[in-house]
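Predicted model only: the values in this text are computed from it and were never measured.
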Amino acid sequence: MVLSKTFERFAKGSPVAVMARALMERALEPNALNAVFLEQAERQYERELLFSSVVDLMALVVCGVHPSVRKAYQAMREQLPVTLTALYAKLNGIEMATSQALVADSAQRLRPVLDELGVSGVQWRPGYRIKALDGNHLASTERGLKVLRGCAAGPLPGQSLVVLEP
């Protein structure tokens with residue numbers, strides 16, 4: 001593969017950033033994401049909004065490029081053929097099995113990198129079962145959907161708890 005001079009300049013100046021970008025592109029390749037969705041989804045469907053587009057949008061929020069789904073949606077508006085309300089409905093309807101399959105598929109796609117680095121099967125603390133916990137709690141805001149602002153049964157603030165078991 002012949003690299004352009006621009007790419008070579010970035011690779012020399014910021015090799016970690018270039019490698020991280022390449023890993024993200026490998027792990028979240030759009031055709032693979034859409035295949036995972038089609039294989040796992042039971043109730044959901046794809047008509048106009050592809051699962052890979054939803055993942056792209058959420059990556060912008062998770063990586064801190066945009067502070068909210070709404071801001072990311074506004075930035076990607078031309079690439080997304082649906083309304084903000086439809087996007088939120090899609091996000092709310094993503095099934096647990098689909099999310100689990102996304103993580104498993106991404107891990108499988110990146111497994112060769114870990115193997116090459118020699119970290120596969122390495123115990124962090126021999127003789128102990130280690131788990132790392134991380135979580136986040138997003139406070140309720142008044143920037144939710146206007147029609148739900150006065151509704152006591154409106155959407156709850158976001159919460160997540162992630163468990164890493166190496």
Side-chain angles (χ1 to χ4, degrees), residues 1 3 7-46 49-73 75-76 87-141 143-144 153-166:
M1 175 176 161
L3 300 176
F7 180 79
E8 287 179 20
R9 192 167 21 126
F10 278 111
K12 286 179 183 174
S14 306
V16 174
V18 171
M19 289 186 288
R21 169 83 185 249
L23 288 173
M24 290 291 287
E25 287 182 2
R26 170 74 177 142
L28 303 175
E29 197 274 318
N31 291 333
L33 294 176
N34 293 329
V36 164
F37 180 84
L38 292 174
E39 185 178 300
Q40 293 296 321
E42 293 179 14
R43 294 181 307 267
Q44 275 198 301
Y45 54 86
E46 287 182 325
L49 183 61
L50 297 175
F51 183 63
S52 58
S53 298
V54 173
V55 172
D56 282 346
L57 180 131
M58 290 307 299
L60 294 174
V61 178
V62 170
C63 293
V65 176
H66 293 288
S68 66
V69 172
R70 180 186 187 88
K71 294 285 186 184
Y73 171 80
M76 291 183 64
L87 173 65
Y88 278 123
K90 184 68 133 183
L91 287 171
N92 288 333
I94 293 176
E95 300 162 42
M96 183 66 71
T98 304
S99 297
Q100 290 171 338
L102 168 65
V103 172
D105 182 70
S106 299
Q108 178 196 17
R109 293 164 123 328
L110 296 177
R111 173 63 53 200
V113 175
L114 294 176
D115 293 341
E116 191 64 32
L117 292 172
V119 296
S120 293
V122 174
Q123 290 185 342
W124 287 9
R125 180 82 173 139
Y128 290 89
R129 187 172 171 195
I130 304 293
K131 292 184 180 184
L133 299 175
D134 190 13
N136 195 6
H137 175 79
L138 303 175
S140 180
T141 68
R143 291 179 290 162
L156 296 174
Q159 299 180 43
S160 66
L161 178 63
V162 179
V163 180
L164 169 66
E165 186 174 5

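To the nearest 0.5 Å, atoms OG (Ser106) and CZ (Arg111) are separated by 12.5 Å. Atom NZ in Lys90 sits 4.5 Å away from atom CD in Gln44 (nearest 0.5 Å). Rounding to the nearest 0.5 Å places CD of Glu29 at 8.5 Å from CG of Asn34. A distance of 10.0 Å separates OG1 in Thr98 from CD in Glu39, rounded to the nearest 0.5 Å. Here CG of Leu38 is found 9.0 Å from CG of Leu50. Values are rounded to the nearest 0.5 Å. Rounding to the nearest 0.5 Å gives a distance of 7.0 Å between OH of Tyr88 and CZ of Arg70.
In this view, Arg129 and Glu165 satisfy the salt bridge (charged side-chain N to carboxylate O under 4.0 Å, His left out) rule, not counting sequence neighbours. Tyr73 is linked by a ring pair (Phe, Tyr, Trp, His ring centres under 6.0 Å) to nothing, counting only residues two or more places apart in sequence or in another chain. Residues forming a side-chain contact (heavy atoms from CB on, under 4.5 Å) with Val61 (at least two apart in sequence, or on another chain): Val69, Ala72.
The nearest pair of heavy atoms linking His66 to Ala75 is NE2-CB, 3.4 Å. Nearest heavy-atom pair, Met24 versus Cys63, reported as atom, atom and distance to 0.1 Å: CE-SG, 4.4 Å. The heavy-atom pair separating Val55 from Leu102 by the smallest distance is CG2-CD2, 4.4 Å. Here the shortest heavy-atom pairing between Asp105 and Ala32 reads OD2-CB, 4.2 Å.
Proximity of Glu42 to Glu95: side-chain heavy atoms (C-beta onward) are separated by under 4.5 Å at one or more points. Side-chain contact between Asp56 and Met76: present, with at least one pair of heavy atoms (C-beta onward) separated by less than 4.5 Å. Side-chain contact between Ile94 and Ser99: present, with at least one pair of heavy atoms (C-beta onward) separated by less than 4.5 Å. Between Val162 and Leu133, every side-chain heavy-atom pair lies at or beyond the 4.5 Å cut-off.
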Kindly indicate, with the supporting measurements, whether the criterion side-chain contact (heavy atoms from CB on, under 4.5 Å) is fulfilled by Val113 and Arg26.
CA-CA 11 Å; Val113 175; Arg26 170 74 177 142; over 6 Å; no

